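Since the structure comes first, as structure tokens, the remarks are kept for the end.
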Amino acid sequence: MEQIPKPENLKRPLIELSAEEEAPIKERVLSYLEKGKPDWDVPHTLKVVEYTRELLAHEGGNARILIPAAYFHDVGYSLTEVAGKRGIDWQKVKNVKTEHAVLGSQEAEKVLREIGGFTEEEIKEIVRLVLVHDNLWEMPAKDFDGEGFNDYLTVEADSLGMIA
């Protein structure tokens with residue numbers, strides 16, 4: 001796993017996630033994503049993780065929370081009834097969009113507890129980010145230096161991962 005570069009003037013401290021802690025998360029997530037749309041879900045998720053690292057390198061933050069959230073953010077798609085199917089009608093797509101966040105957050109909690117090494121607070125924040133990453137209207141007021149930082153960084157990385 002690529003480590004995050006450490007610039008001198010970060011706005012907030014950088015809390016790192018070791019390669020040993022990241023490896024089992026990546027392995028489990030990829031096994032889920034390959035059941036969904038592997039031609040999209042796998043490369044998109046890996047790009048989201050890459051952009052999360054870039055944002056952390058420039059902004060600081062807690063990689064122990066943000067990197068796992070980036071990995072798990074779309075795992076729920078592979079757990080829906082339409083996983084891997086093509087030609088789904090628009091209403092089902094809307095329903096799956098909501099369902100994937102719930103299923104993904106539940107699976108993230110389960111996997112993180114199985115893997116171990118994360119505090120209860122870290123697990124709760126990762127699960128919350130997976131649950132709300134598509135709900136811009138539920139995000140905290142834009143307080144990038146405070147409460148909303150994890151939310152906005154997660155959404156930003158996900159958005160960037162859709163175009164690259």
Side-chain angles (χ1 to χ4, degrees), residues 17 21-22 24-56 59 61-144 146-164:
L17 175 71
E21 293 167 317
E22 182 177 347
I25 294 168
K26 180 178 181 179
E27 181 181 335
R28 289 288 290 274
V29 165
L30 292 179
S31 73
Y32 287 109
L33 297 178
E34 289 167 353
K35 296 174 193 167
K37 298 178 297 187
D39 55 329
W40 169 257
D41 293 339
V42 172
H44 166 69
T45 296
L46 295 176
K47 273 302 199 186
V48 172
V49 171
E50 183 181 323
Y51 280 119
T52 299
R53 286 186 209 292
E54 286 291 320
L55 291 164
L56 284 163
E59 298 291 335
N62 191 337
R64 291 181 52 79
I65 290 171
L66 292 163
I67 297 290
Y71 275 114
F72 281 108
H73 83 282
D74 279 347
V75 155
Y77 283 123
S78 67
L79 302 171
T80 67
E81 68 174 69
V82 298
K85 295 180 181 173
R86 305 282 182 214
I88 305 301
D89 69 67
W90 181 242
Q91 188 56 50
K92 274 206 174 175
V93 169
K94 284 176 56 179
N95 294 344
V96 167
K97 189 90 171 141
T98 301
E99 184 184 15
H100 99 281
V102 173
L103 293 173
S105 66
Q106 292 168 349
E107 202 63 22
E109 181 173 14
K110 179 183 129 194
V111 170
L112 290 169
R113 291 188 189 288
E114 287 173 9
I115 290 171
F118 290 87
T119 68
E120 188 63 29
E121 293 78 25
E122 289 170 331
I123 291 171
K124 283 182 180 179
E125 181 64 358
I126 293 163
V127 166
R128 187 188 70 77
L129 290 170
V130 173
L131 184 61
V132 303
H133 78 274
D134 279 336
N135 300 341
L136 295 175
W137 55 91
E138 292 180 17
M139 293 174 66
K142 190 163 187 176
D143 177 12
F144 204 70
E147 180 184 333
F149 175 76
N150 288 345
D151 299 71
Y152 285 97
L153 192 141
T154 301
V155 168
E156 192 69 29
D158 187 22
S159 298
L160 290 166
M162 289 183 205
I163 58 174

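Just so it is clear, the model here is predicted, and its values are computed rather than measured.
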Pair Ile25, Ile67 - check side-chain contact (heavy atoms from CB on, under 4.5 Å), show working. CA-CA 9 Å; Ile25 294 168; Ile67 297 290; over 6 Å; no
Exercise: identify the closest heavy-atom pair between [X] and [Y]:
| X | Y | value |
| --- | --- | --- |
| Ser105 | Val127 | CB-O, 3.5 Å |
| Arg53 | Tyr71 | NH2-OH, 4.1 Å |
| Leu33 | Asp74 | CD2-O, 4.0 Å |
| Val130 | Ala69 | CG2-O, 4.1 Å |
| His73 | Val48 | CE1-CG2, 3.7 Å |
| Leu17 | Pro68 | CD2-CD, 4.1 Å |

With rounding to the nearest 0.5 angstrom, report the [atom1] to [atom2] distance, [X] to [Y].
| X | Y | atom1 | atom2 | value |
| --- | --- | --- | --- | --- |
| Thr45 | Tyr32 | OG1 | OH | 13.5 Å |
| Leu112 | Arg28 | CG | CZ | 9.5 Å |
| Ile115 | Glu27 | CD1 | CD | 8.5 Å |
| Ile163 | His44 | CD1 | NE2 | 11.5 Å |
| Asp39 | Glu34 | CG | CD | 11.5 Å |
| Leu153 | Thr52 | CG | OG1 | 6.0 Å |

Any non-hydrogen side-chain atom of Val111 less than 4.5 Å from a side-chain atom of Val29? no
Report yes if the side chains of Leu30 and Val42 come closer than 4.5 Å at any heavy-atom pair, otherwise no.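 Yes, at least one pair of side-chain atoms sits under 4.5 Å.
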Determine, step by step, whether Leu46 and Lys26 satisfy the side-chain contact (heavy atoms from CB on, under 4.5 Å) criterion, reporting the C-alpha distance in whole Å, the side-chain angles of both residues, the deciding distance to 0.1 Å, and the verdict. CA-CA 9 Å; Leu46 295 176; Lys26 180 178 181 179; 3.9 Å; yes
Strictly by salt bridge (Lys or Arg N to Asp or Glu O under 4.0 Å), give each pair with a member in residues 153-162 just once, sequence neighbours left out.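 Qualifying pairs: none.
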Between Asn62 and Phe149, is the side-chain contact (heavy atoms from CB on, under 4.5 Å) condition met? List the steps. CA-CA 10 Å; Asn62 191 337; Phe149 175 76; over 6 Å; no
Between the side chains of [Y] and [X], is the shortest nitrogen-to-carboxylate-oxygen separation below 4.0 Å, so that they form an ion pair?
| X | Y | value |
| --- | --- | --- |
| Asp41 | Lys35 | no |
| Arg128 | Glu109 | no |
| Lys110 | Glu107 | yes |

Does Glu121 form a salt bridge (Lys or Arg N to Asp or Glu O under 4.0 Å) with Lys124? I'd like the steps, not just the answer. CA-CA 5 Å; Glu121 293 78 25; Lys124 283 182 180 179; over 6 Å; no
Residues pairing under ring-ring contact (aromatic ring centres under 6.0 Å, His included) where one sits in residues 96-128, two or more places apart or in two chains, turn out to be Tyr77-His100, His100-His133
